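Here is the structure we will look at, set down as structure tokens.
Quick caveat: nothing in here was measured; it's all calculated off a predicted structure.
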Amino acid sequence: MSDQGKKTTWGQRLASGLAAWRFGSVVGVFLLVVGVLGWRLVDLHVVDNDFLRKQGDVRTIRVESIDAHRGVVTDRYDEPLAVSTPVQTIWANPSEAAPSEARLTNLARLLDINEASLRQRLKEYSGREFMYLRRKIQPDLARKVLDLEIDGIYTRQEYRRYYPAGEVTAHVVGFTDIDERGQEGIELAYNQWLSGETGRKRVLKDNRGRIIKDLTLIRDASPGQNLALSIDLRLQYLAYRELKAVVAAHNARGGTLVMLDVDTGEVLAMVNQGSYNPNDRSQLAAENLRNKAITDLFEPGSTMKPITMAAALESGSYSVNSTIDTNPGFRRFGRFTIRDHRNYGVMDMAEIIVKSSNVGISRIATDLGGDVIRDLYARLGLGQPTGIGFPGEAVGVLPSPPKWRPVEEATLSYGYGMSVNALQLAQAYMVIANGGVRYPLSLVRQDEKPEGQRVLSEQVTHQVRNMLREAVSRGTGKRAQPGFYSAGGKTGTVHLVGAQGYEDSQYKAIFAGMAPIDNPRLVTVVAVDAPQSGEYYGGEVAAPVFSRVMSDALRLLNVKPELEVGEAEMASSASGERG
């Protein structure tokens, strides 16, 4: 064979060997890949099957929050005043919801939202995974939304606060925001107590984000604690009804009524006008949010005369038989003059209260000195917090000058030059009513009688109550007589303070009293701001409200009537004097 033939045969062999090697290499690589894949499949499904399960879990298992149920607020007999009801919230995942989705038209109509705005928001927030559409709607509406089967639209359960008594208890209970955080009243003062702790759980979801199964509980939701108030809803309703009626009848600017349990210091009723409905805040006015019984201050006027009288009797310098010469019916202090309605001449102590004599009580104050009167006012709780824990409480002003001027002593004796809120005034009368013990005030139900502090003797308070009885039976408070029950109390009529000082034609009509007078059960303070119907005295405007409220309240509390039918009719037909 020639050299050329040998070369050709060798080249062919070489080419054939290379081809076989390539084929073998490809087959080998293929078999290796198949072997690796086969081993991996065996490994995943047999040896280490947790991997696939974990990857599946990542795509289908989510951690969801569990909303906590806010505590229920009730009255003293467990009637609900604030409850949380389950509702649904509609939300969207903009990364899943297409702005061009045709069914968004129906969604916008169901949720009563602007369709163009909805599509624009979904477009703007396309990089996010959460967006509220409509919060806290009724479950049946939420079901209609889910029935549209729109990608990226989901629901979640939340709670909505509801107030069964509406505007009747609004100023006491207050309200929460959309996230159930207290904003006013008891809801704010006891927010931490009422709020629960949110829980967490793992759930299995489908590809539409709907929960298929609860898997594990990470942390259970802790519901808020319930709170029983001292309020008696029955008394609250009748107090609100009567106060609203008198404000409307006299075209007044507003009004306040506070009722206390004499023996415990519990607030049984506390109402104001104007009010608001916490279930519908679309027409909410900021000026109606204040609980005026606690936040608004006023000069108590003649309602302080019985307290000054108590200071006089306690001093030992005066007795119930002492007399005061009020001639000539006025007193001058420089440019300032104190007057009575007429010259009453010489009066005994009871007559000073019955006739509401400024001259008589101021002469007593001048003799006692301002410090003696102020000391008793302070012991009764005036000029200091009530300790009730209500947000926005105003303390008031109780003057304490280094040296009292005669005019300051005189005006302090009948409630000018100082300021109180209605609750403080009720507390002061509560001490007179229960025999001289000052109990801490409470808006929360007291299951045990609290420990009180004696600030006046039983003898002095008994003597003052007899004077208050006379003020109602034959004095300025005749129209306060509560039907079949005897009562005692004092009227007050004070000028309102405006931007330029006292307003000549604007008054606050006040009545503070207790019943039944021989063994008082309740103390009530009524204050009506700026009555415009012609009548403006406390005996004309506030006293009749006291009469109606106390009569019904004592009947509801099963207090035995004291007066016979003839006596009650005679008392109710008597016309009141101004005071």
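Using cut-offs of 30° and 60° on the angle between ring planes, the pair Y416 and Y414 is perpendicular. Between F175 and Y276, the angle of the ring planes goes over 60°, which puts this pair in the perpendicular group of the 30/60° scheme. Using cut-offs of 30° and 60° on the angle between ring planes, the pair Y537 and H341 is perpendicular.
The pair R405-E408 counts as a salt bridge, with a side-chain nitrogen and a carboxylate oxygen less than 4.0 angstrom apart. The pair K355-D340 does not count as a salt bridge, with every side-chain nitrogen at least 4.0 angstrom from each carboxylate oxygen. Using a cutoff of 4.0 Å between basic side-chain nitrogens and carboxylate oxygens, R135 and D179 are scored as salt-bridged. Ionic pairing of E266 and K449 is not present here: no N-O contact between side-chain nitrogen and carboxylate oxygen is shorter than 4.0 angstrom. Ion pairing of E242 with R548 is present here, as a side-chain N (NZ or NE/NH1/NH2) and a carboxylate O approach within less than 4.0 Å. Ionic pairing of R241 and D552 is present here: one or more N-O contacts between side-chain nitrogen and carboxylate oxygen are shorter than 4.0 angstrom. Under 4.0 Å is where a charged nitrogen must lie from a carboxylate oxygen, and between R70 and E187 at least one such pair does.
Two residues are said to be in side-chain contact when any heavy atoms from C-beta on lie closer than 4.5 Å; Y77 and L233 fail this criterion. The shortest side-chain heavy-atom distance between N421 and D296 does not fall under the 4.5 Å cut-off. Contact of the Q88 side chain with the E158 side chain is not registered, since no non-hydrogen atoms from C-beta on lie closer than 4.5 Å. Between S117 and R121, some side-chain heavy-atom pair lies under the 4.5 Å cut-off.
Nearest heavy atom pair, residue F333 against residue A410, reads CZ-CB, 3.9 Å. Scanning all heavy atoms of the two residues, the minimum distance from V528 to A252 falls at CG1-CB, 3.6 Å. Between A249 and S533 the shortest heavy-atom distance is O-CB, 4.0 Å. Residues N279 and R161 approach most closely at OD1-O, 4.5 Å, considering heavy atoms. Of all non-hydrogen atoms in V431 and T461, the two that sit nearest each other are O-CG2, 3.9 Å. The shortest heavy-atom contact between W404 and P399 is CH2-O, 3.5 Å.
Within 6.0 Å of CD on E287 lie more than 12 heavy atoms contributed by other residues, nucleotides or ligands. The neighbour count for R438 CZ, taken as heavy atoms of other residues, nucleotides or ligands under 6.0 Å away, is above 12. Crowding of D140 atom CG: a count of heavy atoms from other residues, nucleotides or ligands under 6.0 Å exceeding 12.
Side-chain atoms of Q446 come within 3.5 Å of backbone atoms of V444 as a donor-acceptor pair (strictly under, hydrogens ignored). Formation of a donor-acceptor pair under 3.5 Å by the R445 side chain with backbone atoms of R76 is found in this model. Remark: side-chain polar atoms of K136 are paired, donor with acceptor, to backbone N or O of I178 under 3.5 angstrom. Distance alone, capped at 3.5 Å, places no donor-acceptor pair between the Q453 side chain and the V437 backbone.
Legend: residues meeting ring-ring contact (aromatic ring centres under 6.0 Å, His included) with F130, ordered by chain and number and at least two apart, are W91, Y132. With sequence neighbours excluded, no residue forms a ring-ring contact (aromatic ring centres under 6.0 Å, His included) with Y240.
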Can K508 and I510 be said to form a side chain to side chain contact (heavy atoms under 4.5 Å, CB included), step by step? CA-CA 6 Å; K508 180 185 285 283; I510 310 167; 3.9 Å; yes
